Student: 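Below are the structure tokens for one structure; questions will follow.
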Amino acid sequence: MYRLPIDDILPQLLSALNDHSAVVVQAPPGAGKTTRVPLALLKNPLLHNQTILMLEPRRLAATNAARWMASLVGEEVGKTVGYSIRFERKVSALTRIEVVTEGILSRRLQSDPALAGVGVVIFDEFHERSLHSDLALALCRDAQQGLREELKIVIMSATLDAAPVAALLGNAPLLTSEGRTFPVDLRYLHREAEGRLPETVSAAVHRALKETEGDILVFLPGAGDIRRCQQLLGNHGDGQSPLVCPLYGDLPFDAQERAIMPASRRKVVLATNIAETSLTIEGVRVVIDSGFCRRLRFDPSSGLNRLVTARVSAASAAQRAGRAGRLGPGICYRLWSEHIQSTLIPFETPEICASDLTWLALELALWGVADAASLAWLDAPPAAALAEGRTLLKRLGALDRHGVISEAGRRMAGFPVHPRLAHLLVEGEKRGYGAAACDIAALLTERDIFRYPFSTGYRGVSDSDMLDRLEALDEWRKRGDNGAIPDGVDMNACRAADRVSRQLRNILGVKGTIQPCSAETAGLLLAWAYPDRIARQREPGSARYLLANGRGGKLSERSALGDTPFIVAVTMEGGERGDGVIHLANALGIDIIRKEFAGDIAWQRLVDWDGQQGRVVAREEERLGALVLGSRQITPSTDEMVSALLSGIGEEQGLALLNWTREAEQFRSRVCFIARTFPEDGWPDLTPEHLGGTLAEWLAPYLTGIKTLAQLSNLDLLPPLKGMLSWEQQRSLDTQAPTHVVVPSGSRISIDYDKDGPPVLAVKLQEMFGLADTPKIARGRVPVVLHLLSPARRPIQVTQDLKSFWNSIYPEVKKELKGRYPKHPWPDDPWNAVPTRHTKKRSVVGGR
DNA sequence: CAACGCGC
């Protein structure tokens, strides 16, 4: 075997593993760690014939690593070196090194927590930090500490961030190896990177074609940008222009092959992140990096994923640049500045920090941990996302109300699909729709078999996006790859879905042929997976829906659903704010909802104040979560009626809605005056603020029989207000805060208690002749404020000292007003004049 | 107008 950089540290690795339970190996691509480390460990006598498990993040990487190692020991794969990936297992009794993908390791740990017979577990490419590998490490570490002290863990990582994982594993030794890649010349093109992305990128491609040689790999965020960029680059039509190849996951297999294989002329590959780790392209000497990628963000507050375009991390940019240095020295154009380079986040956010954690929550429950914090995490799963996951698992019956896994939950964890789809499988099988359930779960797990943008075929207004796909899948099964399959159906996706469906049928134990499935059945099955997304159209003809979970959704153009009152929203994406986008949905009959979800439906009595009608309305609503399925009129009880009225009074202008007659208002202000004057006497508080806040106490008993605003605004407030005072208080109110006083003329004049200050007595000056003392109330404590009025009832003077008015101000007033009101008496001596409310003529006649 | 990957 020729030497590789990793060989230098293999002896240290073996001796470190003898003394420690875990070792971290940090080695860049090309160091040879994937093949050399397992083979070196195999020679370690301390292994005692136990096996080595190595985890790879992708199936292709797993089979390649196993084949290469097998060839190095001069055997076929499946003897000393084997692999287990989904759908395929090549191991035997001789196998000592088993390369596995992530799901396989999770399942093996869950079924055999002690990993009997395994001596070492190697985590390759650990820096990718998938949810699976984070969980697998946490479980392995737990097994190592509780069940298998002699189990060894080896972490292999490409980046310079291996120190945290070494610390997590009890300060494991950290071994570093050189890589074997060529230098890459980085060129920052920030000045040319100011336009729209596809334009900027195609300009950079033209520049690179002039300045460099060799094939060019371009990183763009998504398929849309790739298509636009392809159009911009493809419009030359001469034989000299390079071959432009798009490369992304949704592309048919042969188109992906064209992008990867060497071409006879110069090639430009326009790729998503698929070329960053998953696929290697032959002949690349130049990389152009747009600096952006599309990333899935989970929003625990909506429970939905959202695709966002974001700047790549520095680690990702380094990985992309490294793709130019595999054959020899390379060149990488970066469409950003050195300044922006310094602001990039160092690493991509690990999946565990920003994903739907329903699956993780189920795995933890299956492992038997109630508290995630009891395991070792590089980044602990965020509490909000974990809680959202647990809530959903309870809704699906996988956890009991204490959060402990149920029998159904154990069964659900055995299916290689999201717990929602596992629930669909279990419920579907119970009702005899097992095979259709497997097809639906497979179609939703794998890539969409309908290519987008859609051309012809199954499109048209429909009441089921799923039934169209089930029929297309069936069609493909009947005719095979060579049959006449309508445009827009992806045969590779059909093959993948069929394979998954067959596996699910095996696990579920479904036998026999696939029976046809109606749109109605599809709706029911999907509702088992997405009970929280049963939705009702906001109004006829609208694309907007209210979901049972209380959130909103809008049907996208992508869905073929027509005008449908009730649906189940199947694939959904979170929006910036407000409504999410429903990509795929299925009609769901109201009678099916009533029958199958009877246990979740509740009748709720609603007695409310309807401000528009100005009356209490009472109905009973049939509710599924936030959805109102139907409603009926009811007769409210007295208590319900009263509390609805009270809330109505609060919602409207409050107290202003009530019938504040002069008498009621005066009564209220008299009590307030006395309460202010004698705070020690314990009078009730009748200020508007307090009355408004205590309607239920003082007004409620008087509301019986009242239903409408009109009745309410006629309600006499005096009885309830008086009801707040004791009998003694009512009596002393009449004496201490009288409604009227009798003035010298004999008139009974009403006292105005409205202001916050002392009460006001507004009286014509002539009626007060001869009186020296200002009238006093409140047991003589408060003199009223006199508003002395002209004969036209205009205020002349405000005073609380009548005596000094007569003596010093009256002569001036008389002089001024005598001419203006000649018919009224203006005596020189007010002390001895006859007080009167009449003119001179009348006072002569009636004054005696 | 939908990145990528994985599963007894």
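Excluded from the calculations below are hydrogen atoms, water molecules and symmetry mates; all remaining heavy atoms, backbone and side chain alike, are included. Computed from a prediction, not measured in an experiment: that's the story for all the values here.
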Student: What integer distance in Å separates Phe123(A):CZ from dC6(B):P?
Tutor: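 About 18 Å, once rounded to whole Å.
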
Student: From the options dA3(B), dC8(B), dG5(B), select the nucleotide whose nearest atom is closest to the side chain of Ile507(A).
Tutor: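 Nearest nucleotide to the side chain: dC8(B).
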
Student: From CZ of Arg295(A) over to P of dG5(B), roughly how many Å is that when rounded to an integer?
Tutor: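 About 17 Å, once rounded to whole Å.
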
Student: Counting the atoms with a prime plus P, OP1 and OP2 as sugar-phosphate, which does Glu276(A) contact under 4.0 Å by heavy atoms, base, sugar-phosphate, or nothing?
Tutor: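 Nothing, no heavy atom under 4.0 Å.
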
Student: Carefully, step by step, assess Phe126(A) and Asp134(A) under the rule side chain to side chain contact (heavy atoms under 4.5 Å, CB included).
Tutor: CA-CA 8 Å; Phe126(A) 187 75; Asp134(A) 273 8; 3.8 Å; yes

Student: Could you check whether Ser130(A) gets within reach of a base, just the sugar-phosphate, or nothing at all, counting any heavy atom under 4.0 Å?
Tutor: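 Answer is nothing: Ser130(A) stays at 4.0 Å or more from every strand.
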
Student: Mind listing the closest non-hydrogen atom pair of Ala136(A) and Leu109(A) along with its distance?
Tutor: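 Nearest pair, atom of Ala136(A) first, then Leu109(A): O-CD1, 3.8 Å.
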
Student: Let's see if you can work this out: which of dA3(B), dC6(B), dA2(B) has an atom nearest to the side-chain heavy atoms of Arg58(A)?
Tutor: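 So the side chain of Arg58(A) is nearest to dC6(B).
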
Student: For Arg294(A), give me all partners under side-chain contact (heavy atoms from CB on, under 4.5 Å), at least two apart in sequence or on another chain.
Tutor: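 Residues passing side-chain contact (heavy atoms from CB on, under 4.5 Å) with Arg294(A): Pro221(A), Leu307(A), Thr309(A).
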
Student: Which nucleotide sits closest to the side chain of Gln503(A): dC1(B), dC8(B), dA3(B)?
Tutor: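 The answer is dC8(B).
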
Student: Between the base of dA2(B) and the side chain of Arg558(A), is one N or O donor paired with an acceptor at under 3.5 angstrom?
Tutor: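 Side chain to base: pair present.
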
Student: Which of parallel (below 30°), tilted (30 to 60°) and perpendicular (above 60°) describes Trp359(A) and His132(A)?
Tutor: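 Plane angle between 30° and 60°, so tilted.
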
Student: Would you say the side chains of Thr277(A) and Gln319(A) form a donor-acceptor pair under 3.5 Å?
Tutor: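 Result is no, nothing qualifies.
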
Student: Please give, in whole Å, the distance from dG5(B) P to Leu307(A) CG?
Tutor: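 Result: 14 Å.
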
Student: Which part of the nucleic acid, if any, lies within contact of Leu131(A), taking any heavy atom under 4.0 Å across all strands shown: a base, the sugar-phosphate backbone alone, or nothing?
Tutor: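 Nothing, no nucleic acid heavy atom in range.
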
Student: Grab the CE-C1' distance between Met572(A) and dA2(B) for me, whole Å please.
Tutor: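 Taking CE of Met572(A) and C1' of dA2(B), I get 15 Å after rounding.
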
Student: What contact category does Ile274(A) fall into here, base, sugar-phosphate, or nothing, at under 4.0 angstrom with non-hydrogen atoms?
Tutor: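 Counting heavy atoms under 4.0 Å across all strands, the contact made by Ile274(A) is with sugar-phosphate only.
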
Student: Quick one: Arg228(A) CZ to dA2(B) C1', roughly how many Å, whole number?
Tutor: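 In whole Å, dA2(B) C1' lies 13 Å from Arg228(A) CZ.
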
Student: With nearest nucleotides of DNA chain B determined for Pro221(A) and Trp359(A) from heavy-atom distances, which residue corresponds to the more 5′ nucleotide?
Tutor: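 The 5'-side residue here is Pro221(A).
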
Student: Mind checking Gly414(A) for me? I need base, sugar-phosphate or nothing, with any heavy atom below 4.0 Å counting as a touch.
Tutor: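 If one applies the 4.0 Å heavy-atom cut-off, Gly414(A) turns out to touch a base.
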
Student: Given Ser133(A) and Glu128(A), is the side-chain hydrogen bond (donor to acceptor under 3.5 Å, both in side chains) satisfied, shown in steps?
Tutor: CA-CA 9 Å; Ser133(A) 63; Glu128(A) 291 189 17; over 6 Å; no

Student: Expressed as a whole number of angstroms, how long is the span from Leu296(A):CG to dC6(B):C1'?
Tutor: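 Atom-to-atom, Leu296(A) to dC6(B), this comes out as 14 Å.
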
Student: Using atom CD1 of Ile85(A) as one end and atom P of dC8(B) as the other, report the distance to the nearest whole Å.
Tutor: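 Rounded to the whole Å, the gap is 10 Å.
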
Student: In whole Å, I'd like the distance from the CD atom of Gln230(A) to the P atom of dC1(B).
Tutor: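 After rounding, the reported distance stands at 19 Å.
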
Student: Which of residues 87-115 of chain A sit near DNA chain B, with a heavy atom under 4.0 Å from it?
Tutor: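 Close to the strand are Thr101(A), Gly103(A), Ile104(A), Arg107(A).
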
Student: 5'-most contact on DNA chain B: Gly222(A) or Val417(A), nearest heavy atom basis?
Tutor: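 Mapping each residue to its closest nucleotide by heavy atoms, the 5'-most match is Gly222(A).
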
Student: Holding to side-chain contact (heavy atoms from CB on, under 4.5 Å), I want the full list of residues that pass it with Ser202(A), two or more places apart in sequence or in another chain.
Tutor: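 Once residues adjacent in sequence are excluded, the partners of Ser202(A) under the side-chain contact (heavy atoms from CB on, under 4.5 Å) criterion are Cys229(A), Leu232(A), Leu233(A).
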
Student: Side chain of Arg86(A) only, heavy atoms from C-beta on: which candidate in dC1(B), dC8(B), dG5(B) is closest?
Tutor: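 Of the candidates, dC8(B) comes closest.
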
Student: May I ask you to say whether Arg420(A) pairs ionically with Asp532(A), meaning some side-chain N is under 4.0 Å from a carboxylate O?
Tutor: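 Salt bridge flag = yes for Asp532(A) with Arg420(A).
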
Student: Would you indicate, yes or no, if dG5(B) has its OP1 or OP2 atom less than 4.0 angstrom from a side-chain nitrogen or oxygen of His132(A)?
Tutor: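 Indeed not, no polar side-chain atom of His132(A) lies that close.
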
